Structure formats: C-alpha cells, structure tokens
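Worksheet: the structure to be examined is printed underneath.
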2 protein chains.
Amino acid sequence: MSDLISLGPGGEFDRIRAIWRRLGDRVQGAGDDCALLAIGGERVAMSIDVSVEHEHFETGWMSLEEIGYRSAAASLSDLAAVAAEPVAVLVSLGVPKELPFDAAPDLMEGVGRAAHAVGANVAGGDLVKSDRIIVDVAVVGRMVARALSRRGARPGDGLWVTGRLGGPGAALAAWKAGQEPEASARARFANPVPRVREAAWLRDHGATAAMDLSDGLLPDARHLSAASAVACEVDLDRIPLHPACLDPLDALVSGEEYELLVALPGDFGEAAAFARELDLDLTRVGSVKPGAGLTLWRGGRTIEVPRGFKHF
Amino acid sequence: MSDLISLGPGGEFDRIRAIWRRLGDRVQGAGDDCALLAIGGERVAMSIDVSVEHEHFETGWMSLEEIGYRSAAASLSDLAAVAAEPVAVLVSLGVPKELPFDAAPDLMEGVGRAAHAVGANVAGGDLVKSDRIIVDVAVVGRMVARALSRRGARPGDGLWVTGRLGGPGAALAAWKAGQEPEASARARFANPVPRVREAAWLRDHGATAAMDLSDGLLPDARHLSAASAVACEVDLDRIPLHPACLDPLDALVSGEEYELLVALPGDFGEAAAFARELDLDLTRVGSVKPGAGLTLWRGGRTIEVPRGFKHF
C-alpha cells in the first residue's frame, strides 16, 4: 500500500486514501495516472475520468460536442501521462430527458473527435437518464516502450512543463464572473490536447518521471513529490504563462491544463529540439531535491504555499 | 455498421443506434456485451455499465456496500456474457457531499467484493461530488478461448437460460409498492452473481451464442434475434420462475437478472451435467428458427408480445 503516500495533502486525496486503505490488496496498479495491467504478454494502460455538469462544466459555457470532446481528452491525457499508445475509449453518458434526442449523439461526436485525434476508437458505452449531464470516459492504451510514472524523479533532475499555463483557469474565472472568456483561453478549456506524442518524445529522451496537469501545477507537483519521495522546488518566475493569465499564482492553481509535468535529468539540453519537433514550449520551472514536499520561489526567495484549487 | 441492426426495437435502442450512426467508422467492436480489442497479441474484452441513484436503485433499498457490489456485478456480467476471464475494474464514483466520509469507501468495499469474487482487481478510479450517487464501472477481461457473442445463434438451436427468473423484478415491485421484498428476491436484486464460470462451461460445451439478461428476457431475446438474424421463440410455460415470481409475464420483463441467455445446438443433452457441476439450473425456454423477431408461446399457442421493461 505504498500507493497511500503517492498523493499530496488535501480533503479529496484523503477520501481516495480511505478508499485504497479499505480495499487493501484488492487494489492493484493504482496510484499513477494509469493502471498498468499485465494481460497475457501485453502491458495495458487504463484510466477512467468522469465529468459531471455543475461540477466540471456548465452547458452555457460550451457546446455538447465540446463537452464530450473535453471529457474524453481529460481521460486520454492520463494515457499520455504514462506514454501509452491510445487504443480505445468506453463511455457512460448520463443525459437529462429534457434535452433533445440529438444530445447523446452530439456528446459522442466530441468523444469520437478526441479519440480519433490520438488514434483511438470508441469501443462501447452505456446510456442512462440523469438529472445532470454525466460523461464518464474509460481509456485503454498499449505500452509499446517504457512507461512513464510519477515515481521516478531523482534529486538533480529538473522539473519541466509543456505548453503555457493558466488558460483554463482564466476561462473558468471569466465564466464564473459572468463574462465570455478570451478566445484562446476558452480554447484551452474547451479543446485541451492530450500530449500523447510529446510524452513519447520525452520518454525517448530520458524523462525520469511524468504526470499530466489535471489538478493544477501546485497540487500536482505535490503528488509528484510524494510519489517520488523527493522535494520539489518550483520558481514562479519561470512558469510559462498563457497570454490570458497575468499572475503565476493563478497559473499555479489552474487545473485541467492537460499539459505534462516532467522530470528530466540534469540540465536537459534538448528543449529547443522538443519545441521545434512538436511545435510546443518545454520550459524548466524548477528542480528536484533530496527531502520532501514542495517549495515555491518568487523573486529569488521562497514564498508561502497558497491553498490549491480543490474540486471536491 | 452492421451493429445498427444488432439491437431490438425501443426508444432507448433508437438513441444508441443514433449514436452509432453519428460515430460511423470511429466505432469499433461495439454491439456485443463487450468490445473485443486486439492489443498486441492479446484479445481484450471491455465493457462499461453505469448505475445512477433514482434510476437504477434507491438508497433505502440497499446498503452502500450492496449498491457498489451490484453496480460492479452488472458490469462484470458483461465479461461473463462473452466468456472472458475478468482481470480488472475501474470505477468512477459520484458521491453527494451530504453523505458521511465513509460513503465512498463503503461503495468501493462492495465493488471490491464483486471484483474479488471473480478474480479481478480494482485498478483505478475517479471521484466526484454529485447530487446523486453514481457508480460507473468499466471492466477488462482477457479472452483465453473462443468469445461468445450475440451473433452466433442458428436455426435448430435451443434457447436456454441459467438460474430462475423474476427475482429482481419481484424485489423491485415490492420496493415500488412501499414493501420489503421477500429475502431471496431481494438477494437476487442486491447480490446478483456474474455467471463467469457458467459461461466458460457453456462455451466449452458448444454454445453458439450468448448474452446476459440485463434488460429482461423479452427485450434481450429480441436483441439476440436481431444480432443473429434469426427468429426466436420463447415458451412462457418453460420459463424457470424464481419462487417470488408467480407469473411468467413478470419474469419476461424482469431486468437486471444477470443470468445468461444461451443458444445451444439441437437437443443439447448436458443440462443435467451443467446443473450438477455448477449448482445452477439450465433450462430450455425456446428455439431458434429461420426468420426474424420474437414469438411468444403460452398454453400451446402464440400470444401477443407485451411491452418490455424500459429504463430510458
């Protein structure tokens, strides 16, 4: 049950720890972004990720197609986090009976778009009447090479992130203030890209640990720190900001980014090659040290850790 | 897209057909109880099955542990239907915030019990706040021999069911009338048994087609008929009734049985061996004929088909 320590602090994570404790040795392979199952001679990666109306999104923010896309992309991002090759998705839909007949096909259109974009198919599903829209997506992938994990970061590694952070948080903040988000921030929320190719590239170039940014850089760096049993330091002045995000503190708690947080050995010199080949930024935001926990730096000194974004 | 004809008539099935039509060739492997995926050198069976409070159950009927068990058993039953060997389950839970901290562990205790009973582990999950309890279970299995399918029934086969039908329907009827169900009927609803060993036995003894009874014998026999492109005849006088079920018409529309409906060649002579080895009835309820659709017999004559139990 070493999995019990692979999450950072927080009420949601306490609940998950309580579940793991109760299940004891009936849990297997959990604690990373995907479970890795040995099925015959293959290693199969699996994950599940549920999106529920009023908790993760409102129908006023996005089309049903976008809601379906986004839910599937969130789950496919877990396959990216372990550098698996996506194979299939299975989807349970909850659909309010007040919605038109086409609501379920519209949601699944988006699911199909997300799956197709990373080479996966829709392999099955379930449909139920529900008072809120529910899109629950289970994903299956194949490990064709080494799996990435949250557990491998070593003192001396650098901490890196793909892309630019803070877009989804800026979009959420605008919607919650009753405004329409800036278009590029809205796109980061409604159309996130699972970093499947990027993860394979980083694995092939020596990444020691990886996870996807779903809770936000602050809580996620804590998960990585706990899982790898190392200290993590993040320098706020280095966080690459989405244009709609003006404060790195906002970027730190912007969830549902679906970018990658990666540990790379030493002074990894191939970020420019990554950017050139994958047309995406790769930015060093901090370092892995001996010890435990997360330390934040800003303006050359350590700062207090603000409370993270909580979705439970 | 031959999958479009593998379901019987009905509003819920029209919705599913509309989804399949929209997805076009992005759907793969759907239309049976499980999708069969080729992953490297292995055939992997997968399915997903969602249970939602007020749609599939009420908390006053069962403990949270039983709700978790039952939801997982329903999904594991799909692995049984294709004669797969269960490997793992992944679970998304929606839990109202008013429930005590232990609600999620209690639900997962039941999921773990169902998985463990058929040799599977819990490999991951997701947790979200929700106004209703949601238990969505994705299951993964390995095909170690021929897969059973809804598609293989041939004219001349007999139609058989495992167990005795009508228990879950009787329990539901009692609860909906504000009464406590008879204990053995309640157990059939709260603690259904995925027929994993039974399906493997039937496959090894020549079953030509199979599915699990989740919608009820009437709609499910129609699905089998449509998927196999044959006519099915069911004799109500032959349906083996659970003691709490007095009318075969009730047994016909009792859903969530999770018994097996199987086509077996000719006058299959090994039902007694099945009963002896697996301690469960195997009863012939009808025949497969050339043609299409479902015909019901009672008292030596055909009768009108009543409307089936609908959960959408």
Side-chain angles (χ1 to χ4, degrees), chain A residues 12 14-16 18-19 21-24 26-30 34-35 37 39-42 44 46-52 54-56 87-88 90-94 101-102 104-106 108-109 111-112 115-116 121-132 134 136 138 140 142 311-312, chain B residues 12 14-16 18-19 21-24 26-30 34-35 37 39-42 44 46-52 54-56 87-88 90-94 101-102 104-106 108-109 111-112 115-116 121-132 134 136 138 140 142 311-312:
Chain A
E12 177 195 6
D14 289 342
R15 275 191 181 75
I16 294 171
I19 290 172
R21 214 172 273 126
R22 185 78 76 84
L23 287 170
R26 289 171 298 184
V27 175
Q28 196 171 57
C34 282
L37 305 173
I39 299 187
E42 295 293 333
V44 175
M46 289 199 64
S47 188
I48 194 164
D49 201 280
V50 64
S51 297
V52 175
H54 305 317
E55 298 297 331
H56 297 96
V87 173
L90 288 95
V91 188
S92 284
L93 290 185
F101 182 86
D102 264 349
D106 286 349
M108 288 303 296
E109 176 83 37
V111 169
H116 202 240
N121 280 303
V122 179
D126 195 7
L127 180 61
V128 65
K129 197 168 51 186
S130 167
D131 61 333
R132 301 176 177 192
I134 303 166
D136 192 22
V140 197
R142 182 184 176 202
H311 63 79
F312 201 100
Chain B
E12 176 194 6
D14 289 343
R15 276 192 179 74
I16 295 171
I19 290 171
R21 213 171 274 124
R22 185 78 75 84
L23 287 170
R26 289 171 298 183
V27 174
Q28 196 172 58
C34 282
L37 305 173
I39 300 187
E42 296 291 334
V44 175
M46 289 199 63
S47 187
I48 194 165
D49 200 281
V50 64
S51 296
V52 176
H54 305 317
E55 298 297 331
H56 296 96
V87 173
L90 288 94
V91 188
S92 284
L93 289 185
F101 182 86
D102 264 348
D106 286 349
M108 289 304 296
E109 175 83 35
V111 170
H116 202 240
N121 280 302
V122 179
D126 196 7
L127 180 61
V128 64
K129 197 168 48 186
S130 167
D131 60 335
R132 301 177 177 192
I134 304 165
D136 192 20
V140 197
R142 183 185 176 202
H311 62 82
F312 201 101

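Since the model is a prediction, treat every value here as computed from it, not as a measurement. These numbers come from the heavy atoms of this one structure, side chains and all, not from hydrogens, waters or symmetry mates. Residue numbers start from 1 in every chain, and the chains themselves are labelled A, B, ... in the order their sequence lines are given, proteins ahead of strands.
The two residues Ala123(B) and Ala35(A) come nearest to each other via the heavy atoms O-CB, 2.8 Å. When all heavy atoms are compared, the tightest approach of Leu23(B) to Met108(A) is CD2-O, 3.2 Å. Scanning both residues, Pro105(B) and Arg22(A), for their nearest heavy atoms gives CB-NH2, 3.4 Å.
Taking CG from Asn121(A) and CG from Leu37(B), the interatomic distance works out to 8.5 Å, rounded to the nearest 0.5 Å. In this structure, OG on Ser92(A) lies 10.0 Å from CD1 on Ile134(B), to the nearest 0.5 angstrom.
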Query raised in the report: Between Asp131(B) and His54(A), is a side chain to side chain contact (heavy atoms under 4.5 Å, CB included) present by the stated rule, with each step listed?
Result: CA-CA 10 Å; Asp131(B) 60 335; His54(A) 305 317; over 6 Å; no
Query raised in the report: Stepwise, does the side chain to side chain contact (heavy atoms under 4.5 Å, CB included) test hold for Val52(B) with Lys129(A)?
Result: CA-CA 9 Å; Val52(B) 176; Lys129(A) 197 168 51 186; over 6 Å; no
Report task. I would like to know whether Arg132(A) and Arg132(B) meet side chain to side chain contact (heavy atoms under 4.5 Å, CB included); could you show each step before the answer? Result -> CA-CA 9 Å; Arg132(A) 301 176 177 192; Arg132(B) 301 177 177 192; over 6 Å; no
Query - Stepwise side chain to side chain contact (heavy atoms under 4.5 Å, CB included) check, Glu109(B) with Ile19(A) - result: CA-CA 8 Å; Glu109(B) 175 83 35; Ile19(A) 290 172; over 6 Å; no
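Contacts between Val50(A) and chain B at a heavy-atom distance below 4.5 Å involve backbone atoms as well as side-chain atoms. There is no contact between Ala115(A) and chain B, counting heavy-atom distances below 4.5 Å. Residue contact with chain B, scored on non-hydrogen atoms closer than 4.5 Å, involves the backbone of Val91(A) exclusively.
Across Asp136(B), Asp106(B), Leu93(B), the residue that shares the most heavy-atom pairs under 4.5 angstrom with chain A is Asp136(B). Ranking Asp102(A), Ile48(A), Asp49(A) against chain B, the residue ahead of the rest is Ile48(A), based on heavy-atom pairs under 4.5 Å.
Of the listed residues (Ile39(A), Leu90(A), Val140(A)), just one forms a side chain to side chain contact (heavy atoms under 4.5 Å, CB included) with Val140(B), and that residue is Ile39(A).
Formation of a donor-acceptor pair under 3.5 Å by the Glu55(A) side chain with backbone atoms of Val128(B) is not found in this model.
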